[in-house]
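Here the structure comes first, spelled out in structure tokens, and everything after it is commentary.
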Amino acid sequence: MRIYKAANYNEMSRMAANILSAQVILKPASVLGLATGSTPLGTYKQLIEWYEKGDIDFSEVTSINLDEYIGLSSTHEQSYHHFMHENFFDHINIKPGNIHLPDGTATDLEKECKDYDALISDTGGIDLQLLGIGTDGHIGFNEPSDAFEPLTHVVNLTDSTIKSNTRFFTDEEDVPKSAITVGIKTIMQAKKILMIVNGKNKADILKEALYGCITPALPASILQLHPDFTVIGDEEAFSSL
Ligand code: F6R
């Protein structure tokens with residue numbers, strides 16, 4: 001495990017963007033595992049800036065997103081499809097056919113989960129997985145549980161996650177209560193994992209995830225076992241360490 005402390009959110013984002021950018025420069029046809037949420041916004045913004053300057057080329061990159069809400073169409077403003085297009089994909093030269101997110105409107109969700117796993121293995125596997133962490137320790141939407149779920153699956157979101165996601169919706173009623181997420185095995189099979197964390201509200205869970213027991217009750221704790229795991233946090237996120 002490698003830990004890098006950034007002075008603030010902007011520095012964290014720049015450091016993360018540097019690692020993603022190096023990955024794409026060294027292997028133009030990289031498979032990037034991507035996350036949504038507020039944490040990676042600065043990273044995507046920085047990558048867009050470098051793309052506009054001509055420093056990075058995404059034309060051969062494949063992206064595999066971690067998760068999607070069930071019931072939201074790809075055009076819904078709060079869907080992760082929409083988020084990724086608005087905040088990243090629409091501003092770079094990634095090929096539309098190389099962009100992958102689970103379909104939260106699929107009628108056969110079990111099949112959708114199986115197909116998503118098959119798609120990931122068809123790409124040859126994820127080269128670099130970008131992760132955030134939930135305040136309850138979730139990664140992707142792998143919520144605290146009695147067992148690690150290995151593969152892509154449907155998950156009922158915890159009250160804490162629903163509450164935390166309310167900030168993006170006008171009404172708590174509208175926040176989806178379930179999602180499709182890739183599983184822990186898929187995340188752990190990524191060749192490299194980069195987790196970014198900012199803010200004081202993540203400090204306690206980050207400390208427990210990095211130095212506490214490895215347990216499905218805190219899904220991010222499994223990352224301690226990954227052979228190429230990097231964490232970049234700002235000062236607030238590391239304030240409990
Ligand atoms: C989203 C995802 C989630 C977020 C986590 C943190 O694709 O995978 O695990 O990374 O909920 O969200 P933010 O960054 O909004 O604090």
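No hydrogens, no waters, no symmetry mates; every other heavy atom, side chains included, goes into these values. Ligands are counted one by one from 1 in listed order, and the atoms in each one are counted from 1 as well.
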Using distance only, find each side-chain donor-acceptor pair of residues 113-122 under 3.5 Å and give its atom names and separation, not counting sequence neighbours.
from	atom 1	to	atom 2	distance (Å)
D115	OD2	K111	NZ	2.8
Y116	OH	N65	N	3.2
Y116	OH	N65	O	2.6
Y116	OH	H100	O	3.2
D117	OD1	T152	N	3.4
D117	OD1	T152	OG1	2.6
D117	OD2	T152	N	3.2
S121	OG	A118	O	3.3

| Over all atoms of both residues, closest heavy-atom pair of E143 and T161 | OE2-OG1, 2.7 Å
| note | Between N156 and S178 the two heavy atoms that sit nearest each other are OD1-CB, 3.9 Å
| field | Main-chain N/O of A190 paired to H226 side chain as donor or acceptor, under 3.5 Å | value | yes
| query | Can you list every pair that meets ring pair (Phe, Tyr, Trp, His ring centres under 6.0 Å) and has a residue in residues 29-50, with sequence neighbours left out? | reply | Y44-F88
| Does some non-hydrogen atom of E143 fall short of 4.0 Å from ligand 1? | no
| remark: Ranked by distance from atom 10 (O) of ligand 1, the top protein heavy atom is G132 CA, 3.4 Å
| Sidechain-backbone polar pair: N142 side chain, I139 backbone, donor-acceptor under 3.5 Å | yes
| For atom 16 (O) of ligand 1, the protein heavy atom that lies nearest, with its residue and separation | K202 NZ, 2.8 Å
| query | For atom 3 (C) of ligand 1, what is the nearest protein heavy atom, given as residue, atom name and distance? | reply | G140 O, 3.5 Å
| field | Part of N65 within contact of ligand 1 (heavy atoms, under 4.0 Å) | value | neither
| task | Heavy-atom contacts with G37 under 4.0 Å: which atoms of ligand 1 show up? List them by number with element. | result | 14 (O), 15 (O)
| Within reach of ligand 1, part of T39 (heavy-atom separation under 4.0 Å) | both
| With a cut-off of 4.0 Å, which atoms of ligand 1 are near a heavy atom of L66? | 8 (O)
| remark: When distances are taken from atom 1 (C) of ligand 1, the protein heavy atom at minimum range is T36 OG1, 3.1 Å
| remark: Shortest non-hydrogen pair, F238 vs Y4, comes out as CE1-O, 3.3 Å
| task | Considering non-hydrogen atoms only, spot the tightest contact between A203 and S239 and give its length. | result | CB-OG, 3.5 Å
| Got the closest protein heavy atom to atom 11 (O) of ligand 1, with its distance? | H138 NE2, 2.7 Å
| query | How far is atom 2 (C) of ligand 1 from its nearest protein heavy atom, and which residue and atom is that? | reply | D67 OD2, 3.4 Å
| note | atom 6 (C) of ligand 1 sits nearest the protein heavy atom I133 O, 3.4 Å
